[in-house]
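Accompanying notes for the structure given below.
Letters A, B, ... are given to chains in the order of the sequence lines, protein chains preceding strands, and every chain is numbered from 1.
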Amino acid sequence: MPEKVHTHFGDEEESAPKQNLQAVPEPTEPQDAGRKKKRAKKRKRDESNDEPQPKPRDQELPQTVKTLSTKTAQKEEPIVDIQREVPAESEVADAPQPQLANNATKSRPKTKSKPLTDTKTNFTSLREKATKLYELRKKLPIFGHADEIRKNLRDQDVMLLVGETGSGKSTQIPQFLVNEFWCRPTPAKIPQKDGSSKSINVGGCIAITQPRRVAAISLARRVAEEMGTPLGSSSPASKVGYSVRFDTSTSPSTRVKFLTEGMLLQEMLHDPWLTKYSAVVVDEVHERGINVDLVTGFLRNLVSGKREGRGGIPLKVVVMSATADMESLLGFFQEGFKAQPQIQNGETNGATGSKDSVRDISVCHIKGRQFPVKTIYSPEPVHDFVDAALKIIFQIHYKEPMPGDILVFLTGQETVEALENLVNEYAVGMDPSLPRVQVLPLFAALPQAAQQRVFAPAPPRTRKVILSTNIAETSVTVAGVRYVVDCGKAKIKQFRTRLGLDSLLVKPISKSAAIQRKGRAGREAPGQCYRLYTEQDYLTLDETNTPEILRCDLSQALLNMKARGVDDIVRFPFLTRPPREALEKALLQLLNIDALGDDGSISDVGLHIAKLPLTPTLGRVLLAASEHGKECLTDVIDIISCLSVENIFLNTSSEEKKEAAEAARRELYRREGDHLTMLMTVRAYAGENADRKAWAERHLVSHRAMQSVMDVRKQLRTQCRQSKLLPRDDRQDQYHDPAPVPILQSFLCGFATNTARLVPDGSYRTVVGNQTVAIHPSSVLFGKKVEAIMYNEFVFTNRSYARGVSAVQMDWVGEALAGQ
DNA sequence: GAGCACTGC
């Protein structure tokens, strides 16, 4: 065996499995060399970031190994696997859950969740099921805290809750609270603008927000079962429902409602005081998506103000997180209370308790249920984490007993596929007396069927090796994993305000992400986590992930705030305040598209755009298209639907397939560029009535993405009909020839600053800023030279790329820029 | 010559 496989990360007390490792065959030289060169070239990009790279290590590492004391992983939670099933926190090994498996449905509206029983809801069997589940609920770590939690919220309006993995918080908290006296609908008089007052019922329902759709739906399903009630719209008596985009399932009697953060924000646009709710539970705050920052900001204003829009009736707020970083949240809400004058007696209609304690905030820690996971660091910095992972994978496989699958965290599709090939090559010559390995790639762009393979049990005497991107960190849980290999890096998207450019770069992960990854090894049994970096490196990692609000374009968030009546953005209570420059840039962008008036207040155009489920620029394009008539608008809706969805065009590694698909796709290509090509694709897909899936496969188009496109298209058309931009009569599409000029000019209304012109040296330079930009290879205009281009996205990966590109005329660009 | 992960009346 060549020296390079000697790397050993094992425990001191265990002898190095050298002999075994030496049995691992090295692939033949030429192949290996060629492949390595290619890979090295490819990976160079990943590593050529602003981050300092660890020095190349020597060929052989010392066999000393540092082993961190076995700490349990602290983080994480809802954890729903791709099969869209049960949240892991409620899973109990011996739980009988026959129905859950059968009821696994996708979150698409077409496959709406079936009633839990036959057409006639069988309440007796629901109750019996719930009674059984109650025995399991009693064993959850949070169950003993029920009284404490109830008492906290009787006395106080805000509670912060740290719940480790498997504590049961997401499913149990709503059930603890739903029968509290303050959770009943309460009559209240709401003062109106004209001085009169209106009597309504305030409260009665609990909202629980989730960052992801699948989590919202599967938690709702689980809680409905535990409460012995039908789910959502399946029965008017249903007490538990959910609401996510394209799929809302509630009933008139819904008391517990799981929804995505985005959905709650949308509800707040129509009902800023959340009058339907007695409590809002914000779950998974540690993930810190931008929506959760907006939600907490709005909620802080709501709980610390005078609640005039709720007739003085308090709103209870529970903020739940898996990390212990509760101090900043505590400070955040306390600051809100401090800034407000003390509430006088009598103004708090429902709440009892002393005046002073009403404003206190309780903090509650719940232990999780996790097995210990041993951390094993690399003794020296790792230069090539793909090679290092390869060695560790086989070291584990040779040394550790079955069962116990291996989950490897990598940065992206490229590294996943590179390692997949390597492991397969090495596995070919493995000692036949050893268990086999089954390599399973996992990344978001992988077709659904291939993703599902990860969840299938391995064949007998086979160890699964799952090579995954970040998708397995939060969104997907794979059962059976006892070994985690963590490369310590992830691709992170960062919006650079000054350049108006999104960068997708490989960066070191945070400590909390490292803990999260490690925790994946301890869900079913004690596990091990091999970190492909030194303990020293670990200690220098940031504590937490950079909140999205510091990494993204803020225009949509600001428009939402303006639409909610937040006039002074600077005084908005941000959990993390974005830099002034980023706020100004977003305001400027909103001004440019006429969403704001010169005084910074929201315009009619802005109000309209804010209600669309689109970025402000795409919303502006839609409005612009409506001025060119109905045909232009429907065409632009088709294109916008594609742009607001993941990439609809697939790629394949197989050359023959590629050529066949290229040929099939050719009929869709339009020389005007990607926008018109998308239009032709949507038309062809929508016009395919026989077998859309087969059509998609033939054209190497993502069926999954196209289903989302059709969902968005339907939603946008409905909204346009409601706002009278489209006529009500819903005639079947009479396809006209598309008119590229008005379509592209509509796009320029939103994207005038996303334009570049051809310069004499044959490259493109941005019209604003004069930066070099290349047409992305995925574009139909790749390699083409046109007078000027307009693009949907400006992304930096290994260089600056324009994506979603169409040819435009310079004088159109001039007009569009002048119009701003 | 290239595709981290989420999400929206």
Side-chain angles (χ1 to χ4, degrees), chain A residues 41-42 45-46 78 80 107 209-216 243-248 259-271 284 287-292 294-295 409-417 442-446 468-476 487 489-494 502-507 509 513 516 545 548 551-552 556-557 559-560 563 608-616 618-619 644-653 702 705 708 711-712 714-716 718-720 722-723 774-779 782-783 793 795 797-799 801 803:
Chain A
K41 186 184 149 208
K42 277 190 156 185
R45 281 195 306 272
D46 273 6
V80 186
S107 54
T209 70
Q210 293 292 322
R212 278 171 291 280
R213 299 158 49 95
V214 281
S243 179
V244 302
R245 190 184 188 187
F246 309 128
D247 191 3
T248 290
L259 31 58
T260 49
E261 292 152 1
M263 214 61 177
L264 186 70
L265 285 176
Q266 207 61 52
E267 286 192 8
M268 288 176 107
L269 279 182
H270 294 102
D271 179 11
E284 309 292 339
E287 292 195 19
R288 290 299 300 276
I290 186 163
N291 285 345
V292 101
L294 294 187
V295 165
F409 284 102
L410 298 162
T411 51
Q413 182 176 347
E414 210 167 85
T415 47
V416 164
E417 286 173 345
L442 181 61
F443 45 86
L446 203 64
S468 174
T469 62
N470 248 355
I471 191 170
E473 198 177 293
T474 48
S475 312
V476 165
C487 77
K489 298 203 158 29
K491 278 193 192 172
I492 309 275
K493 200 169 179 172
Q494 168 94 41
D502 259 326
S503 301
L504 189 57
L505 298 174
V506 175
K507 301 251 181 186
I509 59 172
Q516 178 92 354
N545 294 345
E548 190 186 5
R551 302 182 353 236
C552 73
Q556 199 167 9
L559 187 62
N560 190 303
H608 200 151
I609 295 175
K611 291 182 181 166
L612 293 166
L614 296 170
T615 59
L618 285 177
S644 57
V645 153
E646 61 186 300
N647 196 3
I648 60 170
F649 294 110
L650 289 171
N651 229 327
T652 177
S653 37
S702 162
S708 312
D711 284 339
V712 178
K714 190 174 152 201
Q715 188 183 24
L716 291 175
T718 305
Q719 260 175 293
C720 284
Q722 281 165 354
S723 55
I775 296 176
H776 195 272
S778 64
S779 170
F782 177 69
E793 259 185 308
V795 192
T797 49
N798 58 331
R799 60 188 291 199
Y801 284 112
R803 288 175 63 180

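- Distances were taken from every side-chain heavy atom of A/T797 (C-beta onward) to each of B/dG3, B/dC6, B/dC4; the shortest belongs to B/dG3.
- Annotation: side-chain contact (heavy atoms from CB on, under 4.5 Å) contacts of A/Q266 (sequence neighbours excluded): A/L269.
- Residue A/L614 is in base contact, counting any heavy-atom pair closer than 4.0 Å across all strands shown.
- Among the protein residues, A/Q722 comes within range of no part of the nucleic acid, since none of its heavy atoms lies under 4.0 Å from any strand.
- The distance from atom CZ of A/R799 to atom C1' of B/dG3 is 16 Å, rounded to the nearest whole Å.
- In this view, A/N470 and A/R517 satisfy the side chain to side chain donor-acceptor pair (under 3.5 Å) rule, not counting sequence neighbours.
- Here the C1' atom of nucleotide B/dC6 and the CD1 atom of A/I290 are 13 Å apart, to the nearest Å.
- Between A/E261 and A/R212 there is no salt bridge, since none of the side-chain N atoms of the basic residue sits less than 4.0 Å from a carboxylate O of the acidic one.
- One interatomic measurement links the two molecules: CZ of A/F782 to P of B/dG3, which rounds to 12 Å at whole-angstrom precision.
- Map A/K493 and A/G262 each onto its nearest nucleotide of DNA chain B; the residue landing nearer the 5' end is A/K493.
- Spacing between atom CG of A/L446 and atom C1' of B/dA5 amounts to 15 Å, rounded to whole angstrom units.
- Here A/N798 reaches the OP1 or OP2 of B/dA2: one of its side-chain N or O atoms lies under 4.0 Å away.
- Proximity note for A/P777 (side chain, C-beta onward) versus B/dG3, B/dA2, B/dA5: the nearest is B/dA2.
- Atom pair A/K507:NZ and B/dA5:P shows a separation of 18 Å (rounding to whole Å applied).
- The side chain of A/T469 approaches B/dC4 more closely than any other nucleotide in the set B/dC4, B/dG3, B/dT7.
- Residue contacts shown for A/A490 are absent, as no nucleic acid heavy atom lies under 4.0 Å away.
- Comparing A/A610 and A/F649 along DNA chain B, the residue whose closest nucleotide (by nearest heavy atom) sits nearer the 5' end is A/F649.
- Considering only side-chain N and O atoms, A/T474 lies nowhere under 4.0 angstrom from the phosphate OP1 or OP2 of B/dC6.
- Nucleotide B/dC4 holds its P atom 11 Å from the CG atom of A/N647, rounded to whole Å.
- Contact annotation: A/H776 does not reach the phosphate of B/dG1 (side-chain N/O to OP1 or OP2, under 4.0 Å).
- Contact annotation: the side chain of A/S723 approaches that of A/H608 to within less than 4.5 Å [non-hydrogen atoms, C-beta and beyond].
- When the P atom of B/dC4 is taken as reference, atom CD of A/E793 falls 13 Å away, rounded to whole Å.
- Rounded to whole angstrom, the span from the CG atom of A/L505 across to the P atom of B/dC4 amounts to 12 Å.
- Here the CD1 atom belonging to A/I492 is positioned 12.0 Å from the OG atom belonging to A/S503, to the nearest 0.5 angstrom.
- Within the structure, every side-chain polar atom (N or O) of A/S778 is placed at least 4.0 Å from both OP1 and OP2 of B/dA2.
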